[in-house]
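Below is one structure, written out as structure tokens, with a few remarks after it.
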Amino acid sequence: MTDTESLHDAILQWYDESARDLPWRVPADEWPWPEVDRPWAVLVSEVMLQQTPVARVEPVWRTWMQLWPTPAALAAASPGDAVREWGRLGYPRRALRLHAAATAITQEHEGVIPADMQQLQALPGIGSYTAAAVGAFAFGIRTTVVDVNVRRVEARLVTGAQHAAPSLTAAETRLAETLLPADDADATRWNVAVMELGALVCKATTPDCNACPVVAQCSWVLAGRPAHDGPRKKAQKWHGTDRQVRGKLLAVLREATAPVPRTELDIVWHDPGQRDRCLVSLIEDGLVEALPRERFRLPT
DNA sequence: TAGACGTGGTG
DNA sequence: TCACCAAGTCT
């Protein structure tokens, strides 16, 4: 057995024993919700999981699947409903893009999620990662699924670096392709297994190397777990940013059941210039609709 | 291609 | 307390 094959065996076996039971991972032959379109369920989960922890996604995902079990169901709702049911997941433009994707799937693909990476990536809010994830997890397409977990695991395991590069590099993509098992069924499971290992064990700040099935082969551990020395991702600012103000404005509109007068939005932030700029940007983004007489609501 | 884009948990 | 982090995408 080659080194790569022993990695495959160890990580796939660890996944079988240690993976979380997540509803969007239930295989097609055991899918328990006949009215819910499984590729759609996978697609929605992947978009919700962008930059967002599993624990916060799961309840919202369940609500969405009840409300909108198919792309056509979501397309029949208003974009504002999607934004409201998005709740506090963050990055609410994802809700809008999901609604736009549902509309495109309904109108241009007869309501069927395309089992094709190019067509998937052409949908709003679906980039290279999500297209690959939906291709692999919904349709079993043989492809590499490279998220930040995979990049970090493979960086430590093979390259010996503590962290992945600040953004996806060609070298990381090549490495992921090199490590993909030859067997198609193994390849699909490998993608989710490496991701899960990164999420549960090979974590960014506090890796549990004791629990790692491949610690004996880990270049980073063998090198003495050296601290990172290259460029690191820049920390995001939050306090006082437009993102914070947009979040406060949208929170008011999400909770409202009737159009909201500007005076109710004025109280969420002290700086009128920034407040107005953010409201305008929300309207430009399609997240807010302006009505006559200085009233506002989520888009219909 | 950096930077914008939400939110809340954690050490 | 506060910086970092969580299955990225878009411009």
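Residue numbers begin at 1 in each chain, while the letters A, B, ... track the order of the sequences. Atom set for the values below is all heavy atoms of this structure, side chains included, hydrogens, waters and symmetry mates excluded.
Residues passing the side chain to side chain contact (heavy atoms under 4.5 Å, CB included) test with A:Asp242 are A:Gln274, A:Arg277, A:Cys278, sequence neighbours excluded. Applying the ring-ring contact (aromatic ring centres under 6.0 Å, His included) rule to A:His99 yields no partners; only residues at least two apart in sequence or on another chain are considered.
Pairs passing the salt bridge (Lys or Arg N to Asp or Glu O under 4.0 Å) check and including a residue from residues 14-36 of chain A, sequence neighbours excluded, read A:Asp16-A:Arg189, A:Arg20-A:Glu196, A:Arg25-A:Glu196.
Across all strands, A:Ser45 comes closer than 4.0 Å to no nucleic acid atom at all (heavy-atom distances). Counting non-hydrogen atoms under 4.0 angstrom, A:Ala199 reaches the backbone sugars and phosphates but no base. Residue contacts for A:Arg25: at a heavy-atom cut-off of 4.0 Å it reaches a base atom on one of the strands shown. Contacts of A:Ile126 with the nucleic acid, taken as non-hydrogen atoms under 4.0 Å apart, involve only primed sugar atoms and P, OP1 or OP2.
Chain A approaches DNA chain B over the interval B:dG3 to B:dG8, counting the first and last nucleotide 5' to 3' with an atom under 4.0 Å from its heavy atoms.
DNA chain B lies under 4.0 Å from at least one heavy atom of each of the following residues of residues 46-54 of chain A: A:Gln51, A:Thr52.
Between A:Arg97 and A:Asp285 there is no salt bridge, since none of the side-chain N atoms of the basic residue sits less than 4.0 Å from a carboxylate O of the acidic one.
Inspection of the A:Gln50 and A:Tyr129 side chains reveals no N or O donor paired with an N or O acceptor under 3.5 Å.
The two residues A:Val288 and A:Leu279 come nearest to each other via the heavy atoms CG1-CD1, 4.3 Å. Annotation for A:Ser78 and A:Thr300: closest pair CB-C, 3.7 Å, computed over non-hydrogen atoms.
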Return a table of donor-acceptor pairs under 3.5 angstrom between the side chains of residues 65-74 of chain A and protein atoms on other chains or two or more places apart.
{"from": "A:Thr70", "atom 1": "OG1", "to": "A:Ala73", "atom 2": "N", "distance (Å)": "3.1"}

